[in-house]
Amino acid sequence: MMCVATSFCSEGSEMLKCCLSGDDGNLLPSSLEARSWDSTLDKLLQSSYGTALFRAFLQKEYAEENLDFVLRVERYRECAPKKREREAWKIYRTYIAIGAPHELNLDILSRKVTDLAMITPHVSTFDTAQRRIVSLLQNDAYRRFLKWSVYLRLAYPEMYTAGERENEEEM
């Protein structure tokens, strides 16, 4: 499930509704499920809701191409061998090449290793670049995501509601 909103709702329940509501009318994940996402980035990405919410966060930070690349490489690995070379070049032109439409912020070594692997694309062509991007996501964006008010409201509604009540009483 993907958040297709380009203009962002307020940082409250409206954000959750716009990013997590689907055509099938599924309910939001439980706070227990949402709390489980703070164990690892992999756990977050195993959930379609978690992935959608993380994408919304990355869109807010103008960095969703990182997640898109990681997920696309995972699908690339599952491609039939005959389709793999064509898909490798699509990924390369979209994310890796200098001046690509969604160029990733890769270090020179990761980019060079990927460039060389493109001579003969194979299942592990994007491993170095993907490891680099996953590392960036884990050590930067994911940590900020766990402090994002939208995630916190979903994962810890009782704390947020209590905090709202305290603020109202002070006014």
Side-chain angles (χ1 to χ4, degrees), residues 1-6 8-79 87 91 94-96 102-107 109-111 113-114 117 123-167:
M1 179 175 314
M2 186 183 314
C3 179
V4 292
T6 53
F8 288 97
C9 312
S10 65
E11 290 233 344
S13 62
E14 290 302 311
M15 174 64 98
L16 291 174
K17 288 176 191 170
C18 85
C19 292
L20 297 179
S21 62
D23 296 334
D24 56 5
N26 283 344
L27 299 173
L28 293 175
S30 70
S31 59
L32 186 61
E33 179 185 345
R35 284 183 198 138
S36 74
W37 301 338
D38 69 9
S39 61
T40 66
L41 178 61
D42 285 338
K43 182 75 171 171
L44 171 68
L45 297 179
Q46 288 171 4
S47 163
S48 61
Y49 288 106
T51 301
L53 192 59
F54 191 50
R55 179 182 305 284
F57 175 77
L58 291 172
Q59 285 174 334
K60 182 178 83 70
E61 298 212 338
Y62 304 101
E64 72 267 24
E65 70 277 357
N66 293 316
L67 179 59
D68 292 342
F69 171 73
V70 169
L71 297 176
R72 193 151 171 201
V73 168
E74 289 302 314
R75 286 192 306 270
Y76 164 77
R77 287 191 179 105
E78 296 169 5
C79 277
E87 185 61 22
I91 292 170
T94 303
Y95 300 103
I96 306 294
H102 303 286
E103 185 178 351
L104 300 172
N105 184 13
L106 288 172
D107 59 282
L109 180 61
S110 298
R111 189 176 307 276
V113 166
T114 306
V123 174
S124 60
T125 295
F126 300 104
D127 285 2
T128 301
Q130 188 183 35
R131 274 194 303 272
R132 176 71 175 142
I133 296 302
V134 167
S135 177
L136 288 172
L137 287 173
Q138 284 176 330
N139 296 320
D140 188 29
Y142 174 65
R143 290 182 182 181
R144 286 194 317 279
F145 168 81
L146 295 176
K147 296 175 185 172
W148 189 33
S149 63
V150 175
Y151 166 72
L152 293 172
R153 287 177 186 167
L154 180 62
Y156 304 97
E158 65 285 349
M159 290 175 53
Y160 191 82
T161 305
E164 279 182 336
R165 276 191 242 123
E166 289 172 12
N167 287 342

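Values below: all heavy atoms of this structure, side chains included; hydrogens, waters and symmetry mates excluded. Please read all numbers here as calculations on a predicted model, not as lab measurements.
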TODO: Calculate, to the nearest 0.5 Å, the distance between atoms CG and CZ belonging to Asn66 and Arg55 respectively.
DONE: 11.0 Å

Task: CG on Leu67 to OH on Tyr142, rounded to 0.5 Å - done: 13.5 Å

Open item on the list: As an exercise, state the distance from CG of Leu154 to CG of Leu28, rounded to the nearest 0.5 Å.
Closed with: 6.0 Å

- [ ] Identify the heavy atoms of Ser36 and Lys43 that sit nearest to each other, and give their distance.
- [x] O-CG, 3.2 Å

Open item on the list: Can you list everything that forms a ring-ring contact (aromatic ring centres under 6.0 Å, His included) with Tyr95? Sequence neighbours excluded, please.
Closed with: Phe69

Open item on the list: Return the CG to CZ distance between Leu137 and Arg132, rounded to the nearest 0.5 Å.
Closed with: 11.0 Å

Task: Distance (rounded to the nearest 0.5 Å) between Leu104 CG and Ile91 CD1 - done: 10.5 Å

Task: Expected output: side-chain Thr114 to main-chain Ser110 donor-acceptor under 3.5 Å - done: yes

Task: Where Ala155 and Ser31 come nearest, the two heavy atoms and their spacing - done: O-CB, 3.3 Å

Task: Residues that Arg77 engages under salt bridge (charged side-chain N to carboxylate O under 4.0 Å, His left out), provided they are two or more places apart - done: Glu74, Asp127

Open item on the list: Is any side-chain heavy atom of Leu106 closer than 4.5 Å to one of Thr128?
Closed with: no

- [ ] Would you please indicate yes or no on a ring centroid separation below 6.0 angstrom for Phe57 and Tyr151?
- [x] no

TODO: Evaluate the side-chain proximity of Leu53 to Trp37: yes if any heavy-atom separation is below 4.5 Å, no if none is.
DONE: yes

Task: Beyond-backbone contact of Arg72 with Glu87, side-chain heavy atoms, under 4.5 angstrom - done: yes

Open item on the list: Measuring from atom CG of Asn105 to atom CZ of Arg111, what distance do you get when rounded to the nearest 0.5 angstrom?
Closed with: 8.0 Å

- [ ] Decide yes or no for Leu71 and Thr51: does some side-chain heavy atom of the first lie under 4.5 Å from some side-chain heavy atom of the second?
- [x] yes

